[in-house]
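Along the sequence shown, residues carry numbers from 1.
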Amino acid sequence: VQLQASGGGLVQPGGSLRLSCAASGSIFSINAMGWYRQAPGKQRELVAVISRGGRTNYADSVKGRFTISRDNANNTVYLQMNSLKSEDTAVYYCNADGVTYSSGTWHPRVWGQGTLVTVSS
C-alpha cells in the first residue's frame with residue numbers, strides 16, 4: 001500500500017489548512033489512521049489518530065483546533081487544521097496501522113511521505 005499526503009502549504013497565523021492522505025493498493029481494511037508531525041530539530045510526534053470506527057485521539061496542543069476524519073470506503077484520512085499557530089509549522093506525515101491486504105496478508109504500519117505546513121506571516 002502507498003499513502004499519498006497532500007494539502008500542505010504556507011498559511012498565516014490564525015488561518016486554516018486541510019490535509020488529505022489517500023491509501024492506494026489492494027487494501028481490504030485499515031485499522032487506525034493518523035497524522036504525526038516533525039518540526040525542525042524535534043522528534044516526530046503524534047497529532048491525531050482515528051480508529052476504523054471513528055474514535056479519535058488528539059495531542060493536547062491541537063485539541064479544539066484540529067479535527068481528524070476518515071472515509072473508510074476510499075481509505076482516506078483528513079486533518080482539518082484551524083487557528084494555526086507558528087508552532088504548528090512542521091512536516092506532517094500520515095500513517096495507516098493494521099493494514100490488511102486483499103491477499104490476506106497484514107502489515108502493522110505504513111507511513112506516507114510528508115507534507116510541509118508552514119505557519120508564518
Side-chain angles (χ1 to χ4, degrees):
V1 63
Q2 288 187 328
L3 299 179
Q4 182 69 43
S6 61
L10 173 64
V11 63
Q12 292 186 342
S16 299
L17 280 176
R18 188 186 193 217
L19 305 183
S20 300
C21 178
S24 61
S26 299
I27 302 167
F28 177 73
S29 68
I30 299 174
N31 187 10
M33 300 185 79
W35 291 94
Y36 287 70
R37 68 186 180 186
Q38 187 166 17
K42 295 188 177 181
Q43 290 188 334
R44 189 174 297 189
E45 64 175 1
L46 172 69
V47 176
V49 62
I50 184 167
S51 71
R52 183 169 180 81
R55 186 167 58 187
T56 59
N57 189 35
Y58 296 91
D60 288 342
S61 59
V62 306
K63 283 181 181 177
R65 301 187 298 122
F66 291 10
T67 302
I68 189 170
S69 60
R70 66 186 282 178
D71 177 351
N72 288 333
N74 293 299
N75 296 314
T76 301
V77 63
Y78 304 96
L79 185 68
Q80 177 66 43
M81 304 185 294
N82 299 327
S83 302
L84 282 160
K85 305 175 182 180
S86 58
E87 51 263 44
D88 295 318
T89 295
V91 177
Y92 284 70
Y93 298 90
C94 59
N95 78 334
D97 285 344
V99 181
T100 302
Y101 297 93
S102 300
S103 63
T105 59
W106 180 85
H107 197 286
R109 172 166 286 187
V110 179
W111 286 98
Q113 94 290 359
T115 184
L116 177 63
V117 172
T118 303
V119 184
S120 175
S121 55

Ring-plane angle category for Trp111 and Tyr36, please: parallel below 30°, perpendicular beyond 60°, tilted otherwise. perpendicular

Tyr101 atom OH: more than 12 heavy-atom contacts under 6.0 Å: yes

Within one Ile-Leu-Val-Met-Phe-Trp-Tyr cluster: Leu3 and Val117, side-chain cutoff 4.5 Å: yes

Spatial distance of atom OH (Tyr58) from atom CH2 (Trp35) [nearest 0.5 Å]: 13.0 Å

Could you give the distance from CG (Asn57) to CD1 (Ile50), rounded to the nearest 0.5 Å? 11.0 Å

Hey, what do you get for CG (Leu84) to CD (Gln12), rounding to the nearest 0.5 Å? 11.5 Å

Should Val91 and Leu46 be regarded as members of a common hydrophobic cluster, given that ILVMFWY residues are connected when their side-chain heavy atoms come within less than 4.5 Å of each other, either directly or indirectly? yes

Asp60/Lys63 salt bridge by N-O under 4.0 Å criterion: yes

I'd like to know if the side chain of Asn74 reaches the main chain of Ala22, judged simply by a donor and an acceptor atom lying under 3.5 Å from each other, with no hydrogens or angles considered. no

With Met33, the side-chain contact (heavy atoms from CB on, under 4.5 Å) member among Asp97, Val99, Val77, Thr76: Val77

With clusters defined by side-chain heavy atoms of hydrophobic residues (ILVMFWY) lying less than 4.5 Å apart, directly or transitively, does Tyr92 cluster with Leu17? yes

Rounded to the nearest 0.5 Å, how far does CZ of Arg52 lie from CZ of Arg70? 6.0 Å

Decide whether Ser120 and Thr118 meet the rule of one side-chain donor and one side-chain acceptor closer than 3.5 Å. no

Please check if the side chain of Gln4 supplies one atom and the backbone of Gly112 the other of a donor-acceptor pair under 3.5 Å. no

Could you grab the distance from atom CZ of Phe66 to atom OG of Ser16, nearest 0.5 Å is fine? 9.5 Å

Please determine whether the number of non-hydrogen atoms from other residues, nucleotides or ligands lying under 6.0 Å from atom CD of Glu87 exceeds 12. yes

How many angstroms lie between CG in Asn75 and CD1 in Ile30, if you round to the nearest 0.5 Å? 4.0 Å

Under 3.5 Å, is there a donor-acceptor pair between the side chain of Ser86 and the main chain of Val119? no

Heavy-atom check, side chain of Val11 versus side chain of Met81, under 4.5 Å: no

Tell me whether Asn95 contacts the main-chain N or O of Gly34 through its side chain, where contact means a donor paired with an acceptor under 3.5 Å. yes

Hydrophobic cluster membership, Ile68 vs Tyr93, 4.5 Å side-chain cutoff: no

Looking at side-chain heavy atoms only, is the closest gap between Arg37 and Leu79 below 4.5 Å? no

Co-membership, hydrophobic cluster, residues Val110 and Tyr78, 4.5 Å side-chain: no

